[in-house]
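Report on one structure; see the data block that follows.
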Amino acid sequence: MKPLLIALALSLFSVGSTVAQTVHDYVSVDFSPSERKLGVFSSVDGANVIDLKVTNMSDRDKDILTFFATIQELEAKGWVVTDTHIFPVTSKGFAMYVWFLRRAKS
């Protein structure tokens, strides 16, 4: 009975240590409705800032749809949303929407 318990304990320990060693890549998607900018900042692909005034012209309502479409594109690539925040940028008088995503490092 003791050898069985020891084997079970060792196997549980090895599973736990494997999970704890998972390393992730990270990305944040930042959206500023007042500045009409969308930034994608990735530990894999670097930074990309999109000027939504150019992308969506005067159709400001499409800005939030572009933000959500960007999140969906990342999810299709295996990224998982881990956290969302709305940060008030009081010095500039607007809010910044920031979504954080991660996926296991390949």
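- For Lys105, the side chain to side chain donor-acceptor pair (under 3.5 Å) test picks out Asp25, with sequence neighbours left out.
- Annotation: side chain of Glu35 is in contact with side chain of Phe94 (closest heavy-atom distance under 4.5 Å).
- Scored by the side chain to side chain donor-acceptor pair (under 3.5 Å) test, Asp51 finds no partners at all (sequence neighbours excluded).
- Two different hydrophobic clusters hold Ile64 and Val98 under the rule that ILVMFWY side chains link at heavy-atom gaps under 4.5 Å.
- Under the rule for a salt bridge (charged side-chain N to carboxylate O under 4.0 Å, His left out), the partners of Arg36 that lie at least two apart in sequence or sit in another chain are Asp63.
- Between Val54 and Leu52, every side-chain heavy-atom pair lies at or beyond the 4.5 Å cut-off.
- The shortest distance between side-chain heavy atoms of Pro33 and Tyr97 falls below 4.5 Å.
- Ile50 and Val29 fall within a single hydrophobic cluster, where Ile, Leu, Val, Met, Phe, Trp and Tyr side chains are chained together by heavy-atom contacts under 4.5 Å.
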Report, one line per pair, each donor and acceptor closer than 3.5 Å where one atom sits in a side chain of residues 37-45; sequence neighbours left out.
{"from": "Ser42", "atom 1": "OG", "to": "Val44", "atom 2": "N", "distance (Å)": "2.9"}
{"from": "Ser42", "atom 1": "OG", "to": "Asp45", "atom 2": "N", "distance (Å)": "3.0"}
{"from": "Ser43", "atom 1": "OG", "to": "Tyr26", "atom 2": "N", "distance (Å)": "2.9"}
{"from": "Ser43", "atom 1": "OG", "to": "Tyr26", "atom 2": "O", "distance (Å)": "3.2"}

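- Taking Ser28 as the reference, Asp30 meet the side chain to side chain donor-acceptor pair (under 3.5 Å) condition, with sequence neighbours excluded.
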Distance-only check: which donor-acceptor pairs under 3.5 Å involve side-chain atoms of residues 66-87, not counting sequence neighbours?
{"from": "Thr66", "atom 1": "OG1", "to": "Asn56", "atom 2": "ND2", "distance (Å)": "3.2"}
{"from": "Thr66", "atom 1": "OG1", "to": "Lys62", "atom 2": "O", "distance (Å)": "2.9"}
{"from": "Thr70", "atom 1": "OG1", "to": "Thr66", "atom 2": "O", "distance (Å)": "2.8"}
{"from": "Thr82", "atom 1": "OG1", "to": "Phe100", "atom 2": "O", "distance (Å)": "3.3"}
{"from": "Asp83", "atom 1": "OD2", "to": "His85", "atom 2": "NE2", "distance (Å)": "3.1"}

